[in-house]
Amino acid sequence: MNWNDQPHRRYNALTKEWVLVSPQRTQRPWQGQVEKTAAPVRVPYDPACYLCPGNARHGGARNPAYSETFVFENDFAALRPDTSPAALNDGGLLVAETERGISRVVCFSPDHSLTLGRMSEPEIRSVVDVWAAQYQELGNLPFIQNVQIFENRGEIMGASNPHPHCQIWANESLPNEIAKEIHSQREYLNHHGTCLLCDYTALELGSRERIVCENDWFLALTPFWAIWPFEIMLISKMHAGSLADLDGPSRNGLGEILKRVATRYDNLFQTSFPYSMGFHQKPTDGDAHEEWHLHAHFLPPLLRSATVKKFMVGYELLAMPQRDITPEMAAARLREQPEQHYAESL
Ligand SMILES: [Zn+2]
Ligand SMILES: [Zn+2]
Ligand SMILES: [Zn+2]
């Protein structure tokens with residue numbers, strides 16, 4: 001069986017969902033555009049940016065003249081701690097409940113022109129420390145069960161501001177993806193007596209087909225069950241539940257591999273590569289969550305150039321996700337990329 005030229009479906013062991021893979025379609029003629037985008041104008045400070053140091057934000061507050069990282073409560077928060085509790089249940093069909101939570105923004109750097117791929121490793125390490133501290137601080141609040149750290153990068157992803165930043169949404173119930181992953185990891189641990197992602201990491205290190213890059217602490221790979229063309233999963237090589245469990249060297253290792261992954265992405269289509277990325281850490285609901293294994297997902301939309309993106313439409317919205325190039329082909333393309341940034345011609 002050649003899995004690279006036959007339609008097949010793959011099982012996602014983390015979510016128990018399936019993805020349809022149609023690699024024979026990579027042969028079909030392409031009539032869309034493939035041009036590169038113009039290099040962005042990079043300025044270290046933008047007077048109109050509400051995230052730059054010293055600038056006024058839309059909510060009326062003013063940023064301090066911060067020099068490293070900067071965390072603040074989102075002025076347009078999706079979740080608020082002061083929501084008063086209420087619930088609706090009409091015959092199990094009309095079900096709703098209020099949701100308390102906290103939304104924050106983390107600026108990675110005062111420099112407006114940077115991205116994770118263009119920051120230095122010590123600068124990224126500072127961001128890792130902030131992520132870990134935020135996870136602990138928010139997770140320790142009695143009503144917070146889950147802390148989701150995520151970055152939306154690029155206009156194509158709907159990111160409203162190019163300033164390097166991420167968001168943290170912490171809330172009192174478990175989000176869908178986390179609930180699915182708890183269920184699968186717990187079931188695997190109960191059934192096998194071992195950790196799902198520890199075992200998966202060992203399999204991937206054995207075949208190396210889907211590995212993009214690695215260091216002593218982290219592995220970056222295109223998961224066997226990936227949906228997005230160049231999706232990457234970053235997995236801690238050590239069994240850890242959250243960023244707060246990482247010691248100094250492994251936090252440095254995380255900073256290093258984040259830079260390498262972001263640089264390979266930028267080089268792939270010679271563009272400032274858009275993506276949604278986020279960490280999946282163990283919920284903070286009071287349970288020990290021994291089944292949970294720290295990882296991050298990079299979900300980038302681009303398919304074949306800086307401007308041609310994959311759309312989740314038609315069959316994907318109505319039936320199941322589908323992809324053409326296999327995760328193995330995608331890993332090979334990402335492995336070929338250098339870890340030095342391509343030169344931007346202005
Ligand atoms: Zn800015
Ligand atoms: Zn594990
Ligand atoms: Zn996950």
Side-chain angles (χ1 to χ4, degrees), residues 12-17 40-58 62-67 69-70 72 105-115 118-119 146-150 153 159-166 174-190 192-205 217-228 231-243 245-246 250 276-283 288-299:
N12 182 334
L14 260 187
T15 61
K16 295 177 177 280
E17 291 165 340
V41 181
R42 296 189 182 280
V43 290
Y45 170 75
D46 176 356
C49 168
Y50 61 88
L51 297 175
C52 274
N55 288 1
R57 299 206 302 271
H58 298 310
R62 184 170 288 277
N63 298 327
Y66 65 97
S67 56
T69 55
F70 171 50
F72 65 94
V105 177
V106 181
C107 294
F108 296 162
S109 161
D111 188 332
H112 184 85
S113 69
L114 292 179
T115 61
R118 291 175 189 277
M119 285 167 68
N146 188 70
V147 179
Q148 182 60 58
I149 297 174
F150 66 97
R153 241 191 81 63
S160 50
N161 189 322
H163 195 108
H165 73 286
C166 75
L174 294 176
N176 301 346
E177 294 303 311
I178 302 300
K180 282 188 265 181
E181 292 188 6
I182 290 177
H183 182 71
S184 307
Q185 291 180 98
R186 207 167 251 174
E187 199 177 81
Y188 189 95
L189 180 63
N190 290 340
H192 296 87
T194 49
C195 161
L196 189 158
L197 283 181
C198 282
D199 287 0
Y200 177 63
T201 300
L203 274 180
E204 292 290 10
L205 283 167
W217 302 275
F218 282 87
L219 183 62
L221 52 80
T222 56
F224 178 76
W225 50 74
I227 290 174
W228 294 95
E231 184 172 332
I232 280 182
M233 213 167 127
L234 205 54
I235 310 177
S236 159
K237 285 190 176 174
M238 222 184 49
H239 185 80
S242 75
L243 295 171
D245 294 342
L246 300 182
S250 41
S276 278
M277 87 81 129
F279 289 93
H280 276 169
Q281 310 187 70
K282 71 177 177 189
H289 285 291
E290 276 154 8
E291 81 286 355
W292 195 274
H293 189 121
L294 169 68
H295 60 281
H297 298 277
F298 280 84
L299 309 170

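Read the numbers this way: they start at 1 and go in the same order the structure lists the ligands and their atoms.
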Exercise. Would you check if there is a donor-acceptor pair between the side chains of H183 and E181 at a distance under 3.5 Å?
Key: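 There is no such pair (donor and acceptor under 3.5 Å, judged by atom type) between the side chains of E181 and H183.
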
Quiz item: If you check every N/O/S atom of H293, which is the one nearest the Zn ion (ligand 2)?
Solution: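 In H293, the N, O or S atom with the shortest distance to the Zn ion (ligand 2) is ND1.
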
Quiz item: Do you know which N/O/S atom name in H239 is closest to the Zn ion (ligand 2)?
Solution: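 H239's closest N, O or S atom to the Zn ion (ligand 2) is named ND1.
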
Practice problem: Report the name of the N/O/S atom of H163 located nearest to the Zn ion (ligand 1). | Solution: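 The atom in question is ND1.
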
Exercise. Give a yes or no on whether C107 keeps an N, O or S atom under 2.8 Å from the Zn ion (ligand 1).
Key: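 False for C107.
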
Donor-acceptor contact present, side-chain [X] to main-chain [Y], <3.5 Å:
X: R62; Y: G54; answer: yes
X: H112; Y: P53; answer: no
X: D111; Y: M119; answer: no

Exercise. If you have a sec, read the angle at the Zn ion (ligand 1) from C52 atom SG over to H112 atom ND1, to 10 degrees.
Key: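 Centred on the Zn ion (ligand 1), the SG/ND1 angle is 110° (to 10°).
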
Quiz item: Considering the options Q185, K16, E17, which one meets the side chain to side chain contact (heavy atoms under 4.5 Å, CB included) requirement together with K180?
Solution: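 Single side chain to side chain contact (heavy atoms under 4.5 Å, CB included) partner of K180 among Q185, K16, E17: E17.
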
Self-check item: Opening angle at the Zn ion (ligand 3) [NE2, H297; ND1, H280; to 10 degrees]
Solution: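 Value returned, to the nearest 10°, is 100°.
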
Quiz item: Any side-chain heavy atom of Q281 sitting closer than 4.5 Å to one from I149?
Solution: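 Yes, their side chains come closer than 4.5 Å.
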
Practice problem: Give a yes or no on whether E181 keeps an N, O or S atom under 2.8 Å from the Zn ion (ligand 3). | Solution: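 Yes.
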
Exercise. For the atoms SG of C195 and SG of C198, give the angle they form at the Zn ion (ligand 2), rounded to 10 degrees.
Key: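 SG of C195 and SG of C198 make an angle of 110° at the Zn ion (ligand 2), to the nearest 10°.
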
